[in-house]
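Remember, it's 1-based here, ligands and their atoms both numbered in the order they're listed.
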Amino acid sequence: MNDKPVFVTQPYLPELSEFLPYLESIWESKILTNGGPMHQQLEAELCEYLGVEHIALFNNGTIALLTALQALRITGEVITTPYSFVATAHSLLWNGIKPVFVDIDPITLNMDPAKIESAITPLTTAILPVHCYGHPCDVDAIQAIADNYNLKVIYDAAHAFAVKDRSGSVLRHGDLSVLSFHATKVFNTFEGGAIVCPDAKTKQRIEHLKNFGFVDEVTVVAAGINGKMSEINAAFGLLQLKHIDTALRLRGKIDALYREGLAGVKGIKVVDESGQDKANFSYFPILIEEDYPLSRDELYEKFKSINIFVRRYFYPLISDFPMYRGLPSSNKANIPVADSVSQRVLCLPIYPALELAQVEQIIAFVRQQSPA
Ligand code: T4K
């Protein structure tokens with residue numbers, strides 16, 4: 001039993017004293033929100049750090065998703081994955097759009113491009129894939145389908161901060177990418193999010209939409225929302241950015257230790273063993289297979305009994321929640337891989353302050369349950 005509970009994640013917090021100068025600066029300027037200096041600086045620094053052209057900050061990832069759909073005037077039906085956090089599909093419902101779920105790939109756990117075409121109808125206007133756990137989707141295959149059917153692509157990149165692929169930032173793909181800066185994320189602003197977009201015109205439309213639709217003092221062009229990030233959140237982001245490379249390095253060490261320690265454990269499958277040089281180590285998902293001595297839920301409960309709070313991201317599937325259950329695409333026969341993975345997945349603790357001795361303890365605990 002651990003005296004102190006271990007959670008699946010914990011935010012990276014620099015010394016409090018490092019944050020004080022930012023607070024003093026806000027106090028001095030008396031600008032607390034509405035695109036102040038911290039906000040402007042964070043947008044610029046994030047563009048540079050992430051290697052993207054334009055970024056619009058938001059008060060959370062969910063409002064950013066909602067706004068991204070509005071910015072591209074998405075309507076009708078949108079093809080998405082049931083294997084994600086519920087906010088992905090909620091952003092569609094909030095816009096009066098019907099989600100159409102397609103199955104995931106058993107290796108990457110991302111939307112399976114081979115399943116997209118048969119889900120397209122005359123009402124389909126876009127695809128909303130998720131870079132699940134920060135592992136890049138098959139962006140080329142998705143774009144080819146989108147081009148063929150004239151569909152927009154919005155990536156839910158909530159988990160994909162700083163993730164790269166062979167062409168640079170994974171956030172450059174599709175029409176828009178949406179980030180979350182929630183406290184549980186690799187990079188956080190307490191609450192926060194952003195839309196990454198390729199051109200200044202789209203960024204300007206997003207800026208209007210996130211500020212009630214205001215273009216100037218007297219002109220409102222859309223029923224926009226209040227999606228603005230405050231100065232205090234932006235300031236925390238600036239401070240986080242100073243530490244992000246350290247945070248990613250520490251996460252990478254934990255990821256490597258898990259991979260080494262869990263290799264060859266009967267009944268434990270580590271998800272996505274490739275591309276570790278370009279990953280952000282935001283989650284450490286494992287699948288509990290039939291030949292492991294405990295069920296997934298038994299292992300989850302056993303961890304809890306020793307004060308280690310692992311999580312079943314993503315169980316239940318989005319399509320199991322009452323507001324989605326009745327959709328034809330929520331039928332289990334349509335999404336067998338997602339259904340099976342959600343019954344088997346367990347995300348192990350991973351965050352910069354997690355001690356390597358604790359990781360060893362978690363590995364030993366998983367191994368102990370396994371026959372030699
Ligand atoms: N799309 C995807 C694919 C997403 O995963 C998410 C969010 C979104 C969109 C929407 O983005 P946001 O609107 O949230 O920006 C968490 C987060 O609330 C959520 O942001 C995240 N995905 C989701 C995967 O996980 P919970 O309900 O599991 O969080 P909670 O409060 O149980 O926290 C998990 C553990 O983290 C706790 O046991 C302890 C630790 N923790 C948490 C918080 C909030 C801390 O140590 N400090 C903290 O401040 O949803």
Side-chain angles (χ1 to χ4, degrees), residues 2 4-13 56-69 78 80-95 99 101 104 108-111 128-137 154-161 163 170-171 174 176-196 210 225-230 233 236-237 240 247 251 280 282-285 300 303-304 307-319 321 338 342 345-354 358:
N2 286 283
K4 275 209 334 235
V6 175
F7 296 109
V8 69
T9 189
Q10 226 172 43
Y12 185 81
L13 289 178
L57 297 177
F58 275 80
N59 48 7
N60 62 63
T62 305
I63 297 288
L65 273 174
L66 274 168
T67 307
L69 291 158
V78 168
T80 191
T81 167
Y83 190 76
S84 180
F85 189 60
V86 72
T88 308
H90 277 0
S91 70
L92 298 172
L93 287 199
W94 273 98
N95 278 306
F101 297 114
I104 58 170
T108 64
L109 311 188
N110 287 326
M111 181 185 284
L128 176 60
V130 179
H131 298 300
C132 194
Y133 309 126
H135 302 155
C137 290
I154 298 175
Y155 282 103
D156 181 337
H159 305 168
F161 188 89
V163 174
V170 80
L171 305 170
L176 297 174
S177 290
V178 177
L179 289 161
S180 163
F181 302 151
H182 181 259
T184 55
K185 298 298 192 290
V186 165
F187 170 84
N188 90 83
T189 56
F190 283 41
E191 289 274 2
I195 302 179
V196 173
K210 82 175 199 200
I225 203 161
N226 181 356
K228 292 170 275 109
M229 177 183 277
S230 85
N233 298 96
F236 190 71
Q240 282 270 305
R251 283 176 173 273
N280 68 359
S282 47
Y283 295 85
F284 198 88
Y300 167 84
F303 265 123
K304 220 191 233 185
N307 242 356
I308 295 178
F309 297 92
V310 295
R311 289 298 282 266
R312 291 165 289 189
Y313 295 132
F314 289 100
Y315 165 84
L317 291 177
I318 298 178
S319 46
F321 292 119
S342 86
V345 72
L346 212 53
C347 284
L348 300 181
I350 184 163
Y351 50 91
L354 186 64
Q358 291 175 304

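The nearest protein atom to atom 19 (C) of ligand 1, hydrogens excluded, is given as K185 NZ, 3.6 Å; this is a heavy-atom distance. Protein heavy atom at the shortest distance from atom 38 (O) of ligand 1 is F7 CD2, 3.4 Å. Atom 48 (C) of ligand 1 has A183 CB, 4.1 Å as its closest protein atom, hydrogens excluded (heavy atom only). Annotation: atom 35 (C) of ligand 1 to nearest protein heavy atom, V8 CG1, 4.1 Å. In this structure, atom 18 (O) of ligand 1 lies nearest to the protein heavy atom H182 CE1, 3.1 Å. When only non-hydrogen protein atoms are considered, atom 41 (N) of ligand 1 lies nearest to T9 O, 4.2 Å. Nearest protein heavy-atom neighbour of atom 45 (C) of ligand 1: P11 CD, 3.5 Å. In terms of protein heavy-atom proximity, atom 33 (O) of ligand 1 is nearest to T184 CG2, 3.7 Å.
F85 places a side-chain heavy atom less than 4.5 Å from the side chain of F314. Between S91 and L69, the closest side-chain pair of non-hydrogen atoms falls below 4.5 Å. Side-chain contact between T81 and P129 is absent, with no heavy-atom pair separated by less than 4.5 Å. Contact of the H131 side chain with the V170 side chain is registered, since non-hydrogen atoms from C-beta on lie closer than 4.5 Å. F58 has its side chain out of reach of M229: every pair of non-hydrogen atoms, C-beta onward, lies at least 4.5 Å apart.
Judged by distance alone, with hydrogens and angles left aside, the side-chain atoms of Q240 form a donor-acceptor pair with the main-chain N or O of Y12 at under 3.5 Å. Remark: side-chain polar atoms of H159 are not paired, donor with acceptor, to backbone N or O of C132 under 3.5 angstrom. A donor-acceptor pair under 3.5 Å is formed between the side chain of T80 and the backbone N or O of L128.
Checked against a 3.5 angstrom limit, the closest N/O atoms of E191 and ligand 1 fall outside it. Taking only nitrogen or oxygen atoms, main chain and side chain alike, F181 does not reach within less than 3.5 Å of ligand 1. Residue H159 has at least one nitrogen or oxygen atom sitting less than 3.5 Å from a nitrogen or oxygen atom of ligand 1, judged on distance alone. Here's the thing with Y283: none of its N/O atoms is less than 3.5 angstrom from an N/O atom of ligand 1.
Every side chain to side chain donor-acceptor pair (under 3.5 Å) that Y133 has, sequence neighbours left out, goes to Y83. Applying the salt bridge (Lys or Arg N to Asp or Glu O under 4.0 Å) criterion to R312, with sequence neighbours excluded, gives D297.
Under a 4.0 Å heavy-atom criterion, S84 is in contact with ligand 1. Heavy atoms of R311 come nearer than 4.0 angstrom to ligand 1 in at least one pair. Ligand 1 lies within reach of G192, whose nearest heavy atom is under 4.0 Å from it.
Taking only non-hydrogen atoms, the option from Y351, F85, F58 nearest to atom 8 (C) of ligand 1 is F85. The residue among A158, S180, G193 with a heavy atom at the shortest distance from atom 2 (C) of ligand 1 is A158.
Heavy atoms of Y313 found under 4.0 angstrom from ligand 1 belong exclusively to the side chain. Counting heavy atoms closer than 4.0 Å to ligand 1, residue T62 contributes atoms from both its backbone and its side chain. Contacts between D156 and ligand 1, counted as non-hydrogen atom pairs separated by less than 4.0 Å, involve the side chain only.
Donor-acceptor pairing under 3.5 Å is lacking for the side chains of S180 and H182.
Close approach of ligand 1 to Q10 (heavy-atom distance below 4.0 Å) involves ligand atoms 46 (O). Of all atoms in ligand 1, listed by their number and element, those nearer than 4.0 Å to a heavy atom of A87 are 8 (C), 9 (C), 10 (C).
Under the 4.0 Å distance rule, the nearest protein heavy atom to atom 31 (O) of ligand 1 falls outside the cut-off.
Taking the six-membered ring where the residue is Trp, Y313 and Y283 present perpendicular rings, their angle passing 60° and hence far from 30°.
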Would N233 and F181 satisfy side chain to side chain contact (heavy atoms under 4.5 Å, CB included), going step by step from the backbone distance to the final call?
CA-CA 10 Å; N233 298 96; F181 302 151; over 6 Å; no
May I have the step-by-step check of ring pair (Phe, Tyr, Trp, His ring centres under 6.0 Å) for F190 and F236, ending in yes or no?
CA-CA 8 Å; F190 283 41; F236 190 71; 4.7 Å; yes
